[in-house]
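So that the names make sense, note that chain A is the first sequence line, chain B the second, and so on, each numbered from 1.
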Amino acid sequence: MSFEPVLTKNVGVKDSQKLSVYVERGGYSSLPKAFAMKPDELTDLVKASGLRGRGGAGFSAGMKWTFLPKDHPGPIYMAVNFDESEPGTFKDRYLCDHDPHQILEGIIVSSYATRATVAYIFIRGEFHLQAKILQKAVDEAYEAGYFGKNIQGSGYDLECYVHRGAGAYICGEETGMLEALEGKRGWPRIKPPFPAIEGAFGKPTVVNNVETLCCVPHIIHNGADWFTSIGTEKSAGPKLYGISGHVNKPGVYELPLGVTCRDLIEKYAGGMRNGKKCKGAIPGGVSMGVLHADELDCPLDFDGPGQRGCMGLGTAGVIVMDEDTCMVSALRNIVHFFKHESCGQCTPCREGSGWMLKTLDRILAGEGKKDDLDNMIELCDAQGSMPGKTICGLADGTAWAAKNFIQKYREEFEAKIESASAVAV
Amino acid sequence: MAWQIVDRLKGTPDSADKVVTDEMRQKIEAEFAKYPTKQAVLLTSLHMVQNKYKQISDQAIRELAEIHEISPGEVLDTLSFYDMYSREKLGKNLIGVCVSLSCDICGCKDLMKKVKDKLNIGPRETTEDGKFTLIPMECIGACEMAPAILMNEDLHKIESVEQLDDLIDKTA
Ligand SMILES: Cc1cc2nc3c(=O)[nH]c(=O)nc-3n(C[C@H](O)[C@H](O)[C@H](O)COP(=O)(O)O)c2cc1C
Ligand code: SF4
Ligand code: FES
């Protein structure tokens, strides 16, 4: 069965950012259908579709919505996660560049389903152009009566505001984002309480990724069965894959969930640059670890990367590295990122990333020691939050990436250390 | 402790040389309606000040504290967390070079070197004429353009160091 693009169907259409063009192509037509349903019915529909979060964690969207308190007097907030700062990820930017109204339509129907009355779109500060595109789209949508009071005569009120971040990866973590929304430093909060119970300004808050929300109008239109018919059993729907690094055609490709990493590289991204061989690929943002060249047949669905030692699919931002890439330097780059972006609240994260960076710099400078690798692995075990050692998942990203690289390319790391000790003698 | 900084800040909220102009103040106050607290607008206000003055001065902290009805310590607490705000004055133009993984393996180090050779500035340094500051940045969400640059507000895919050379000349 051939796959027709869903989320990217307006890409390449002239003036696709304009409301008139969007509406001409069927945009905003999920609204009457949604308003004809009760919010809970809509939530059930999204639950039945199997839609899982596209922001990195892959949690069921419909399920998350049911965690909101029943009969809350309000306000309930919708916080749209457009922080997109995970290295290798640029899919939400692509959606905004080409089809900002699709994002807004997703926000309206999802806010209706969750009874939210104010939606904040949290966009990373560096996306200057995208903030302008989005603001323009929001203004247009207000004018056409898609936001504000009594939307399209439905009796439903929703305000929508664009909120710019200011350069901090950690504001992509949902509670870091809520702090930034409140005008504070983006320090993740200790959970529970989860945002659904106590989120922005102490009120129940739905946090969803841009791409997740973009799927919702299509589910309303085509039904849950249609959505589950795309992709794999546990990973339903279309997915935007971002691919970058040493490939001929880096970019965003919309495909059913479950395409293999090899097909993504060979069939879609034009193969390896300069006829080189692939040495490894990050499956979905640098937090997720790395797939070895032997593991490229991995399906890029929510389970595939996890079955190969990675943390998961993450953001599906794939970074491809060719045979000439030094894996020690690649890991150093990743650890540098996490050291810079650690918010500093938890000692294992703040200090651990610093120690790891120092060790890697030492190895790269030719002064590595034999037990460096084992020490780093031990540090990783002490760092992850999965067993509950840190406030948020950033530390897991550091630890997972480091462990994966060292385990999957151990010989290369050892050779680097040994060549160093040979010189030192 | 953040609240102890008050004594060390220069400037007063009602100083003669205000940095938050009336026009800025109006814009800030118009934003208040969107949120249940005034503090929520702080990031927006800081962007305005940073854009106009290329820094957040003591005086600005004082004034913003007053406008947002929070303490100067709270303003400092927020602003010091974010990479886009600077207490030191930055150059008129910001050359943001992405140094994260995709850009690293696609040659961002050559771009850093080019800037160093051409303008004689290293990371977070500003040219003597105040025209450029070099800012190494973590992934700017444009990895398909690697090595990517954020020149002020615009993303660019840089295919050669000559292209960067031209871009800098055009921006100057
Ligand atoms: C360190 C860290 C950074 C994150 N960055 C982002 C991000 O940039 N964008 C995003 O949508 N989710 C990000 N997340 C995931 C969010 O916490 C949250 O799970 C997500 O926005 C929920 O939306 P979804 O269920 O629709 O995916 C990040 C998580 C962590 C731990
Ligand atoms: S794990 Fe790291 S980033 Fe997350 S809250 Fe702790 S210190 Fe901050
Ligand atoms: S790694 Fe440079 S833009 Fe993403």
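Using a 4.5 Å cut-off between heavy atoms, Leu150(B) touches chain A through its side chain atoms alone. Heavy atoms of Val252(A) lying under 4.5 Å from chain B are absent altogether. Heavy-atom distances place no part of Ala200(A) under 4.5 Å from chain B, backbone and side chain included. For Arg93(A), the part sitting under 4.5 Å from any heavy atom of chain B is the side chain, from C-beta outward, and nothing else. Contacts of Cys343(A) with chain B are made by both backbone and side-chain atoms, with heavy-atom separations under 4.5 Å. Contact of Asp154(B) with chain A is not made at all, since no heavy-atom distance falls under 4.5 Å. With a threshold of 4.5 angstrom between heavy atoms, Tyr161(A) approaches chain B through side-chain atoms but not through N, CA, C or O. In this structure, chain B has a heavy atom under 4.5 Å from the side chain of Phe127(A), while its backbone stays farther away. Residue Tyr94(A) does not touch chain B at all, counting heavy-atom pairs closer than 4.5 Å.
Separating the NE2 atom in His336(A) from the CG atom in Leu101(B) is a distance of 13.0 Å, to the nearest 0.5 Å. To the nearest 0.5 Å, the span separating CD1 on Ile105(B) from OG1 on Thr325(A) amounts to 5.5 Å. To the nearest 0.5 angstrom, Ile243(A) atom CD1 is 11.5 Å from Cys143(B) atom SG. For the atom pair CZ (Arg185(A)) and CG (Leu43(B)), the distance works out to 12.0 Å, reported to the nearest 0.5 Å.
Between His163(A) and Tyr35(B) there is a side-chain heavy-atom pair separated by less than 4.5 Å. A 4.5 Å side-chain heavy-atom check between Tyr77(A) and Pro36(B) finds at least one atom pair inside the cut-off. The shortest distance between side-chain heavy atoms of Lys132(A) and Glu153(B) falls below 4.5 Å. The side-chain heavy atoms of Ile170(A) and Phe81(B), taken from C-beta on, include a pair separated by under 4.5 Å. For the pair Glu138(B) and Glu341(A), the minimum side-chain heavy-atom distance is below 4.5 Å. Considering only heavy atoms from C-beta on, Leu155(B) stays 4.5 Å or farther from Leu129(A) through its side chain. The closest side-chain heavy-atom distance from His340(A) to Asp83(B) is below 4.5 Å. Inter-residue side-chain proximity for Glu159(A) and Lys34(B) is flagged as unmet; no heavy-atom pair is nearer than 4.5 Å.
Under the 3.5 Å distance criterion, the side-chain polar atoms of Thr78(B) are matched with a main-chain donor or acceptor of Gly183(A). In terms of modelled atom types and a separation under 3.5 Å, the side chain of Asn333(A) and the main chain of Val99(B) share a donor-acceptor contact.
More than 12 heavy atoms of other residues, nucleotides or ligands lie within 6.0 Å of NZ in Lys157(B), so this atom counts as buried by the packing criterion.
Nearest heavy atoms, Ser244(A) versus Glu144(B): CB-N, 4.2 Å. In this structure, Gly186(A) and Tyr82(B) approach most closely via the heavy-atom pair N-OH, 3.2 Å.
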**Asked** When you look at Trp187(A) and Asp77(B), which way does the side chain to side chain contact (heavy atoms under 4.5 Å, CB included) test go after all the steps?
**Response** CA-CA 11 Å; Trp187(A) 270 0; Asp77(B) 190 58; 6.0 Å; no

**Message:** Quick one, Cys139(B) with Phe90(A), criterion side chain to side chain contact (heavy atoms under 4.5 Å, CB included). Give me CA distance, side-chain angles, the key distance, then yes/no.
**Reply:** CA-CA 9 Å; Cys139(B) 183; Phe90(A) 45 96; over 6 Å; no

**Message:** Does Met84(B) form a side chain to side chain contact (heavy atoms under 4.5 Å, CB included) with Arg164(A)? I'd like the steps, not just the answer.
**Reply:** CA-CA 11 Å; Met84(B) 289 176 78; Arg164(A) 288 181 61 215; 3.9 Å; yes

